[in-house]
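Please read the structure below before turning to the comments.
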Amino acid sequence: MKTIIIYVLARRAAPPLPIMMLHIPGVLTPEQVTYFRQRLAAAEWIDGRASVGAQGAQVKRNRQIAEGTPLARELGDLIIHALTKNPLFYSAALPRKILPPYFNSYAGGETYGLHIDGAIRHLVGTADLMRSDVSTTVFLSDPEEYEGGELTVMDSYGAHEVKLPAGDAIVYPSSSVHRVNPVTAGERVASFLWTQSMVRDDWQRTMLFELDQNIQKLRGQHGDSEAMVGVAGHYHNLLRMWAEL
Ligand code: NI
């Protein structure tokens, strides 16, 4: 009996599982980044706590563009268009629904302390709900423009700090605990969005991504042999088994 209790406590104390974080370079072109920055520089920013629950409100200190404004919609559509035609994003996220992207800014010590994203999101202006499976941050400021501001994601290997060139994106599971470190100099502008994936389980989605990437590599090296067609069929049969539409 004692052993069982110790086992349960040990399980509870275990850190979260290792997670897949994927860097996607060049989601936006340099010209697009310049356009985004010009439009956002002239925009009206509101308190970032407008879009979070009680726990988030205690730790979130930043500014964002109000949801559903014409500017948020226009720039958000450009981000969704760029991401959905990106083969790496598609393979990693297997998107079913994408929530309109947010735009946020951190300066003067602003930060978003340790938190987990809410599981269910409401699609603004509709009665629709969606589940957040995959989180994506698209960096709009270059790393040299600000101090601090690393996106820090936790897993069983510790804390992973991410700070990418403007136009690049990082994709990570929405189930992860994460924070944005204080921006102590300059300004960090970014876009952020949630995706509901066809495959809700992080580990199943990761396995499909790795299988797909290796199929692409083998195809490049050996062409479409009969065995390759078989392995590609295996990918699709797993997707058929796990996908929810
Ligand atoms: Ni978050």
Side-chain angles (χ1 to χ4, degrees), residues 15-24 27 40 45-68 72 75-76 79-80 83 89 92-93 95-107 109-124 129-141 143 146 148-164 166 168-184 187-197 200-202 205-206:
L17 286 166
I19 56 165
M20 182 180 74
M21 296 180 70
L22 180 70
H23 172 193
I24 306 181
V27 168
L40 291 170
W45 294 84
I46 63 164
D47 191 320
R49 283 170 286 191
S51 61
V52 290
Q55 193 271 333
Q58 287 177 35
V59 292
K60 189 176 182 186
R61 294 289 176 275
N62 70 358
R63 286 151 298 119
Q64 67 192 23
I65 304 293
E67 291 175 62
L75 300 184
I79 297 245
I80 290 175
L83 279 172
F89 176 81
R96 170 74 181 85
K97 291 182 190 175
I98 301 181
L99 198 75
Y102 289 85
F103 295 89
N104 52 47
S105 169
Y106 296 78
E110 285 174 325
T111 180
Y112 195 166
L114 214 55
H115 67 281
I116 191 153
D117 297 341
I120 305 297
R121 316 296 314 185
H122 175 227
L123 292 164
V124 174
L129 298 174
M130 62 170 273
R131 192 182 61 236
S132 61
D133 294 320
V134 177
S135 297
T136 304
T137 296
V138 182
F139 289 78
L140 297 172
S141 300
Y146 58 98
E150 298 84 1
L151 169 68
T152 306
V153 184
M154 314 297 170
D155 72 5
S156 54
Y157 291 113
H160 305 279
E161 292 196 339
V162 182
K163 193 170 181 174
L164 298 176
D168 287 15
I170 188 86
V171 172
Y172 55 100
S174 305
S175 55
S176 66
V177 173
H178 56 273
R179 67 167 183 262
V180 176
N181 292 345
V183 173
T184 53
E187 185 186 14
R188 176 199 195 266
V189 182
S191 178
F192 173 80
L193 61 133
W194 283 289
T195 300
Q196 176 172 325
S197 178
R200 97 164 51 190
D201 183 85
D202 292 336
R205 203 166 52 248
T206 300

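Order of appearance sets the numbers: ligands from 1, and atoms from 1 within every ligand.
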Partner set under side-chain contact (heavy atoms from CB on, under 4.5 Å) for Glu67, not counting sequence neighbours
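Glu67 satisfies side-chain contact (heavy atoms from CB on, under 4.5 Å) with Ser51, Tyr102, Val124 once adjacent residues are dropped.
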Ignoring hydrogens and geometry, is there a side-chain-to-backbone donor-acceptor pair from Arg188 to Gly149 under 3.5 Å?
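Confirmed, Arg188 side chain pairs with Gly149 backbone.
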Working note: His160 + Met21, criterion side-chain contact (heavy atoms from CB on, under 4.5 Å); need CA distance, chi angles, decisive distance, verdict.
CA-CA 9 Å; His160 305 279; Met21 296 180 70; 3.8 Å; yes
Is it true that Ser105 and Glu187 share a donor-acceptor pair across their side chains at a distance under 3.5 Å?
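Yes.
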Distance-only side-chain donor-acceptor flag, Glu150 / Asn181, under 3.5 Å
yes
Which residues and atoms, counting only protein N, O or S, are under 2.8 Å from the Ni ion (ligand 1)?
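As for protein N, O or S atoms lying under 2.8 Å from the Ni ion (ligand 1), they are His115 NE2, Asp117 OD1, His178 NE2.
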Below 30° counts as parallel, above 60° as perpendicular, anything between as tilted: where do the rings of Trp194 and Phe192 land?
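Rings of Trp194 and Phe192: perpendicular, over 60°.
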